[in-house]
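Below is one structure; the comments refer to it alone.
What you are looking at is a predicted structure, and each value in this text was computed from that prediction instead of being measured. Computation of the quantities below employed the complete heavy-atom set of this structure, encompassing side-chain atoms and omitting hydrogens, waters and symmetry-equivalent molecules. Numbers restart at 1 for each chain; the letters A, B, ... are given by sequence-line order, proteins then strands.
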There are 2 protein chains.
Amino acid sequence: MKDTNMALSGAKAEILKALAHQTRIYMVEELAKGEKCVCEFVELIGSDFSTVSKHLSILKNAGLVQVDKRGQKVFYSLKAICLTGFLSCIETIIKSNLEEQNSMFK
Amino acid sequence: MKDTNMALSGAKAEILKALAHQTRIYMVEELAKGEKCVCEFVELIGSDFSTVSKHLSILKNAGLVQVDKRGQKVFYSLKAICLTGFLSCIETIIKSNLEEQNSMFK
DNA sequence: ATGTTATTTGGTAATATAAGCAAACAAGCA
DNA sequence: TGCTTGTTTGCTTATATTACCAAATAACAT
């Protein structure tokens, strides 16, 4: 095992882990449409402030989103724009998986 | 919360979870160079057959890799080609994160 | 001052993931 | 038959993640 390569893979895994959660993917997809404040997410997702805030800080710490405080509110927006193409790759995979499943029943 | 959107995000999360592990990212990156048999991974990673086989089956079940049995050996190759661009997006994020950390000490 | 918006910490409890080991099982090769 | 290569299951142990609740703290607005 080449330690340097494995370490790099580990760093990449940390970022992917930040994204690999139903709620956080949903957040990123909502942010792809435009910035949102925390209160909007609280309403949209239906969890309490504490939970929503934790999810957002995980995305922030991974460098995937950025923060802008304006007035009383805190707005989050997408920082890593390439995430959009990223998620469309995942959609391609999901479609491909579904097609294979369907072809098993023909 | 819109249930249909959340369900889709959940499906995407399942695929990302399959990838969000140091060893499995390393495997995908090795497969990006070309196919490899299980025995090669066992030597490369240094875990036993059981562990390596489990990781590969997680990638296979997520639809990220495909299998080709030839002779005594089982060869794995990358199925979702878009994963390459995928991982380069992650690298961009890592570099960006490092630059921000560095600028904090100037 | 008071209310709104948000973050962070601490605690509990449930669930998920991971690694290693052992062993059973299967397929191809000599 | 025996060897190599894999897969799968069962088991144990350790660690991580998640959700929720409560409470302290902070910034801004009225």
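Ion pairing between a basic and an acidic side chain is recognised when a charged N comes within 4.0 Å of a carboxylate O; A:Glu35 and A:Lys73 show no such pairing.
Across the protein-nucleic acid pair, A:Asn61 atom CG and C:dT8 atom P stand 8 Å apart, rounded to whole Å. Rounded to an integer number of Å, the gap from A:Glu43 CD to C:dT5 P is 10 Å. Look at CZ on A:Phe49: it is 14 Å from P on C:dT8, rounded to the nearest Å. Rounded to whole angstrom, the span from the CD1 atom of B:Ile45 across to the C1' atom of C:dA18 amounts to 14 Å. Note: CD (A:Glu40) to C1' (C:dT4) measures 15 Å, nearest angstrom. Look at CZ on A:Phe41: it is 16 Å from C1' on C:dT7, rounded to the nearest Å. When the C1' atom of D:dA16 is taken as reference, atom NZ of B:Lys17 falls 12 Å away, rounded to whole Å. In this structure, CD of A:Glu14 is placed 10 Å from P of D:dA16, rounded to the nearest angstrom.
In this structure, A:Arg24 reaches the D:dT18 phosphate: one of its side-chain N or O atoms is under 4.0 Å from OP1 or OP2. Applying the 4.0 Å criterion to OP1 and OP2 of D:dT18, one finds that A:His55 has every side-chain N and O outside that range. Distances shown here put a side-chain N or O of A:Tyr76 below 4.0 Å from the OP1 or OP2 atom of C:dT7. For D:dG6, neither phosphate oxygen OP1 nor OP2 lies less than 4.0 angstrom from any side-chain nitrogen or oxygen of B:Ser53. Between A:His21 and the phosphate of C:dT17, there is no side-chain N or O to OP1/OP2 separation shorter than 4.0 Å.
The main-chain N or O of B:Cys37 is found under 3.5 Å from a side-chain atom of B:Glu40 such that the two form a donor-acceptor pair. A donor-acceptor pair under 3.5 Å is formed between the side chain of B:Arg24 and the backbone N or O of B:Ala18.
Taking every side-chain heavy atom of A:Asp48 into account, D:dC21 is the closest of C:dT7, D:dC21, C:dG28. Ranking C:dG3, C:dA19, D:dC20 by closeness to the B:Thr51 side chain, first place goes to C:dA19. For A:Lys73, whose side chain is taken as the heavy atoms from C-beta onward, the closest listed nucleotide among C:dT5, C:dT7, C:dC29 is C:dT5.
No N or O donor and acceptor, one from the side chain of B:Lys54 and one from the base of D:dG6, sit under 3.5 Å apart.
For B:Leu98, the CG atom sits in a packed shell: over 12 heavy atoms of surrounding residues, nucleotides or ligands are nearer than 6.0 Å.
Along DNA chain C, the nucleotide closest to A:Gln72 and the one closest to A:Val52 are compared, and the more 5′ of them pairs with A:Gln72. Looking at which nucleotide of DNA chain C each of A:Val74 and A:Ser50 is closest to, the 5′-most match is held by A:Val74.
Using a 4.0 Å heavy-atom criterion, one finds that A:Ser47 contacts the sugar-phosphate atoms exclusively.
B:Val67 and B:Val65 fall within a single hydrophobic cluster, where Ile, Leu, Val, Met, Phe, Trp and Tyr side chains are chained together by heavy-atom contacts under 4.5 Å.
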